[in-house]
Amino acid sequence: MTVIDAFLVGPPVQHRGNIMDGDTSELEGLVDVARAHREHERFHSLFKLEEAVAWRRDANALKLLSDRWSVTDEDGPRLADPDQGAVGCADLNDPAVVATTGILFMEGASEPAELTAMRAGWETASMRYGKLSVWLAEHMSAEWPRLTQLLTPDLAEAARPRFMALSRTTAAGHSYSLVANLLTTAAQALTNQDLTPAGVRSNRDAAAQMVRTAAWLVDTAAAEIARTGASLTLSDPDWTEFIRIAERKIENDGTE
């Protein structure tokens, strides 16, 4: 788990007292955590959308390659003369993909380095989201019962926004597990397909289907992580409302 991901769920909570016994120190701790959550989710709600855009670009590039490979020249592939040096594969490359992503198939070469990097990026993100999902599941299983101490007549108003924010964080953990599985599967699809020029040419239709399948899987991952990012944005007013109500309660108790 990265430092950024670990901070997503806020700093470790120090249990200071019991709200039900009238001890406000625990409530003060909950306010501290709420502030950290709110500010960090402002970052993460945007980061998730940016990540979704990057994955959608990957998917679109693969779709263009699939479309290109699905069209066979009537006279067969026009192979470049190896004596000309490092030359591109005219029958495999898509000009738009080359210009926007750098993915370029070269005669006699291995798979494009950009495709290798694309697959590695998905695998890294999958591992990160998989670990974060497990971590969140453990944390949330403790957080739900712990926050029931807010369910008192004096704090019922604060409980609603706090549990709404908790619901979205919990749902995010479930979403991260799905995203991890989608990215792992997409990466495996590219691994299973020989993406050298010779490998693609040996069965263009099959290669086209494999990269298109990977693209659709990544499309789904992008849509899911974008939905989660947008959902986290909705917690901002809930965090703010909880902080306002809790601070008012702390202040009132301090003047009694």
Heavy-atom donor-acceptor pair, [X] side chain to [Y] backbone, under 3.5 Å:
X    : Y    : value
S133 : Y129 : no
S175 : A171 : no
T184 : N181 : no
S141 : E138 : yes
S66  : A208 : yes
R204 : L92  : no

Distance check, rounded to the nearest 0.5 Å: [X] atom [atom1] versus [Y] atom [atom2]?
X    : Y    : atom1 : atom2 : answer
T220 : W55  : OG1   : CH2   : 11.5 Å
F43  : L46  : CZ    : CG    : 7.5 Å
S110 : L195 : OG    : CG    : 10.5 Å
L136 : H174 : CG    : NE2   : 9.5 Å
T191 : M210 : OG1   : CE    : 9.0 Å
D94  : K63  : CG    : NZ    : 14.0 Å

Please give me the minimum heavy-atom distance between [X] and [Y], naming the atom from each residue.
X    : Y    : value
L30  : F242 : O-CE2, 3.8 Å
K48  : G229 : CB-CA, 3.7 Å
A215 : L62  : CB-CB, 3.8 Å

Can you find a heavy atom in the side chain of [X] that is under 4.5 Å from one in the side chain of [Y]?
X    : Y    : value
V211 : L190 : yes
E111 : R119 : yes
K131 : Y176 : no
D58  : T101 : no
I103 : M118 : yes
K249 : T24  : no
E143 : R146 : yes
F47  : L232 : no

Do [X] and [Y] have side-chain N/O donor and acceptor atoms under 3.5 Å apart?
X    : Y    : answer
T152 : D154 : no
Q209 : D205 : no
T240 : R38  : yes

Stepwise side-chain contact (heavy atoms from CB on, under 4.5 Å) check, M127 with L183:
CA-CA 9 Å; M127 184 177 301; L183 292 177; over 6 Å; no
Quick one: list whatever passes ring pair (Phe, Tyr, Trp, His ring centres under 6.0 Å) with F105, sequence neighbours left out.
W69
Could you walk me through whether T169 and E41 satisfy the side-chain contact (heavy atoms from CB on, under 4.5 Å) test, starting with their C-alpha distance in whole Å, then the side-chain angles of each, then the deciding distance to 0.1 Å, before giving a yes or no?
CA-CA 10 Å; T169 304; E41 285 186 357; 3.4 Å; yes
For the pair R201 and E107, find out whether any cationic side-chain nitrogen is under 4.0 Å from an anionic carboxylate oxygen.
yes
With clusters defined by side-chain heavy atoms of hydrophobic residues (ILVMFWY) lying less than 4.5 Å apart, directly or transitively, does M140 cluster with L234?
no
Decide salt bridge (Lys or Arg N to Asp or Glu O under 4.0 Å) for E39 and R42; before the verdict, give the C-alpha distance in whole Å, the side-chain angles of both, and the deciding distance to 0.1 Å.
CA-CA 5 Å; E39 300 309 314; R42 286 172 178 173; 3.0 Å; yes
Which hydrophobic side chains are connected to L217, either touching it within the sub-4.5 Å cutoff or through other members that do?
L178, L182
State which residue, out of R162, R244, R168, fulfils the salt bridge (charged side-chain N to carboxylate O under 4.0 Å, His left out) condition with D238.
R168
